[in-house]
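Step one of this worksheet: look at the structure below.
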Number of protein chains: 2
Amino acid sequence: MLAMTKKTGYGLIAMTHLAQLGPEGLASAREIAEEYTIPLALLMNILKELAAGGYVQSVRGARGGYRIARPAASVNFVELMEILEGPMKLAECIRGEVDDDAHSKCKLMPKCPIADPVHRVHRKIRDFLSDLTLADVLQPKTREPAVAGEG
Amino acid sequence: MLAMTKKTGYGLIAMTHLAQLGPEGLASAREIAEEYTIPLALLMNILKELAAGGYVQSVRGARGGYRIARPAASVNFVELMEILEGPMKLAECIRGEVDDDAHSKCKLMPKCPIADPVHRVHRKIRDFLSDLTLADVLQPKTREPAVAGEG
DNA sequence: TTGAAATAGTACGGTAGGGGTTCTATATAG
DNA sequence: CTATATAGAACCCCTACCGTACTATTTCAA
């Protein structure tokens, strides 16, 4: 419960790897898969999705691979997660951007006593994850007011 | 992804309902299930687990039911979740209390570049959820330093 | 004393999504 | 022209989630 999928994990790893290589650095799916012991075919699928989402740029053909397409500081966790897994929803009743009638999907909405708290928790987690960027992974922030309160 | 299970949702609803009835108030699984349109058999299973965990006290026989067994302010979300779903783990490499070799389960731990950030996120979410209690659900907190930073 | 209503315990089953593989097509360096 | 890469799509297995069902036991009440 409240678990991150492996897909997201692998995607994060690939992105951090590419970010470390800088804006010109190129790495193939094979290289990354071997470096971190990730199933190659799966990582290829993930990189395809990241390319489709504009997070990495692909270079086809021999000696090809992927390079990062956006500054590390501009890529946050929520974006990445949602590209790979669809909208983040703590519960069914969380309404998305477009899908506005998410409430109607949950039969017990009209009387639900926990709708408000659940929505608050959802926003809290989402806000936190959207403040966290790839840059923070590369260089762990020691102290930062925006996401402070750490133990 | 990052979703709360329905089991936890139903459990929270049942707990808030019982909390509202006060320390003496009794409600049967049937009553709660009908009130919130929750599948009866499922809710019964959940209440059994909550009883086994000491969160509610059961009264057997006709006119029986459940009453809350702990002050609402002392029951936090993490506890409740973990009773119903097992240990909360954002990723496999999160080590539990007993299960100390969780690291070894993830083959890419030695080189994993995202282990630290993932652990930080895990702790952050966990800390937040453990500060949130049933009492907060009953009476939504308007402002509270310990969990401040809300939008 | 008997039946209805409740919990206790346990086992079972359907389904969706996570995790991973495979196949074909296309591009490109050497 | 071949090896190496990505592009696209389909496929499969397995687990966990969600829900059901059955039996046993307790207790109230007529």
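As the structure is a computational prediction, the values presented were derived from the model and not from experiment. Just so it is clear: chains get the letters A, B, ... in the order the sequence lines come, proteins before strands, and each one is counted from 1.
Rounded to whole Å, atom C1' of dA11(C) lies 15 Å from atom CE of Met44(B). When rounded to the nearest whole Å, the span between CD1 of Ile46(A) and P of dG8(D) equals 16 Å. Spacing between atom CG of Leu50(B) and atom P of dG9(C) amounts to 14 Å, rounded to whole angstrom units. Counting to the nearest Å, the P atom of dA16(D) and the CG atom of Leu2(A) are 16 Å from each other. Regarding Lys89(B), its NZ atom lies at a distance of 15 Å from the C1' atom of dA16(D), rounded to whole Å. Protein atom CG of Leu47(B) is 15 Å distant from nucleotide atom P of dG19(D), rounded to whole Å. Look at CG on Leu84(A): it is 15 Å from C1' on dG17(C), rounded to the nearest Å.
Under the 4.5 Å side-chain heavy-atom criterion for grouping Ile, Leu, Val, Met, Phe, Trp and Tyr, Leu21(B) is connected to Tyr66(B) within one hydrophobic cluster.
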key: Per-nucleotide protein contact string for nucleotides 19-29 of chain C, where B marks a base within reach and S marks sugar-phosphate only (heavy atoms under 4.0 Å, - for neither)   = SBBB---BBBS

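Both Glu31(B) and Ala52(B) lie near DNA chain C, and the one whose nearest nucleotide falls closer to the 5' end is Glu31(B).
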task = Dump the intermediate steps for side-chain contact (heavy atoms from CB on, under 4.5 Å) on Leu90(B) and Arg126(B), then the final yes or no.
result = CA-CA 9 Å; Leu90(B) 187 64; Arg126(B) 189 186 171 83; over 6 Å; no

request  = Go through the steps to decide whether Met44(A) and Leu47(A) satisfy the test side-chain contact (heavy atoms from CB on, under 4.5 Å), and finish with yes or no.
outcome  = CA-CA 5 Å; Met44(A) 290 177 74; Leu47(A) 284 165; 5.8 Å; no

Pair Arg67(A)-Leu18(A), side-chain contact (heavy atoms from CB on, under 4.5 Å): steps then yes or no = CA-CA 6 Å; Arg67(A) 69 168 61 94; Leu18(A) 294 176; 5.7 Å; no

key: Trace of the side-chain contact (heavy atoms from CB on, under 4.5 Å) decision for Asp131(B) with Asn76(B)   = CA-CA 7 Å; Asp131(B) 274 339; Asn76(B) 71 54; over 6 Å; no

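For the side chain to side chain contact (heavy atoms under 4.5 Å, CB included) criterion with Val78(B), the lone passing option out of Leu129(B), Asp127(B), Ile83(B) is Leu129(B).
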